[in-house]
Amino acid sequence: MEVHDHFVEAVNELGGPFAEATPKNIMKLMDNEDITSGHIKSHLQVTKEAEQKENVEAEEIARQEMQADAAARIELQMKEGKEHLDLNFPAAAPDQDSRNREPKSSGSKNA
């Protein structure tokens, strides 16, 4: 097994790069004296960045699909000659990372 594969296996065993996959825990599982904490830290950071990028891209694709579905639904309703468009769409799935983000402010304060 290659070192990278062993790293990935250790990270997955620990629950992924954002769970308990700390350099110390990864090194224990890999049990490879040739690998330093610096190697693990660097590779873990790259892994986290790649996963974050994948999540952002997946969210963008989902958003685009929802917009396309909404546009198609409105177009169909217009073709059917409906006077009042039904704009009630299913709610989006909650963002998995929303617990890590600050709430967006509305810009106005209630007195």
Could you give the distance from CG (N32) to NE2 (H6), rounded to the nearest 0.5 Å? 7.5 Å
Once salt bridge (charged side-chain N to carboxylate O under 4.0 Å, His left out) is applied, do any residues pair with E54, and if so which ones, sequence neighbours excluded? none
Using a cut-off of 6.0 Å, state whether more than 12 heavy atoms not belonging to Q67 lie near its atom CD. yes
Are any of the side-chain nitrogens in K79 or E75 under 4.0 Å away from the carboxylate oxygens of its partner? yes
To the closest 0.5 Å, what do you measure between CE (M78) and CZ (R73)? 14.5 Å
CD of E59 to CD of E57, rounded to nearest 0.5 Å, is 10.5 Å
State, yes or no, whether a side-chain contact exists between E9 and D5 at a heavy-atom distance under 4.5 Å. no
Anything under 3.5 Å between a donor and an acceptor, one on a side chain of residues 43-52, the other on a protein residue two or more places apart or in another chain? List them.
| from | atom 1 | to | atom 2 | distance (Å) |
| --- | --- | --- | --- | --- |
| H43 | NE2 | H4 | ND1 | 2.8 |
| Q45 | NE2 | E49 | OE2 | 3.0 |
| T47 | OG1 | H43 | O | 2.8 |

List the atom of I40, the atom of M30, and the distance in Å for their closest heavy-atom pair. CD1-SD, 3.7 Å
For a quick test of your reading: what N or O donor-acceptor pairs under 3.5 Å do the side chains of residues 13-26 make, sequence neighbours left out?
| from | atom 1 | to | atom 2 | distance (Å) |
| --- | --- | --- | --- | --- |
| T22 | OG1 | N25 | N | 3.2 |
| T22 | OG1 | N25 | ND2 | 3.2 |
| N25 | ND2 | E20 | O | 2.9 |

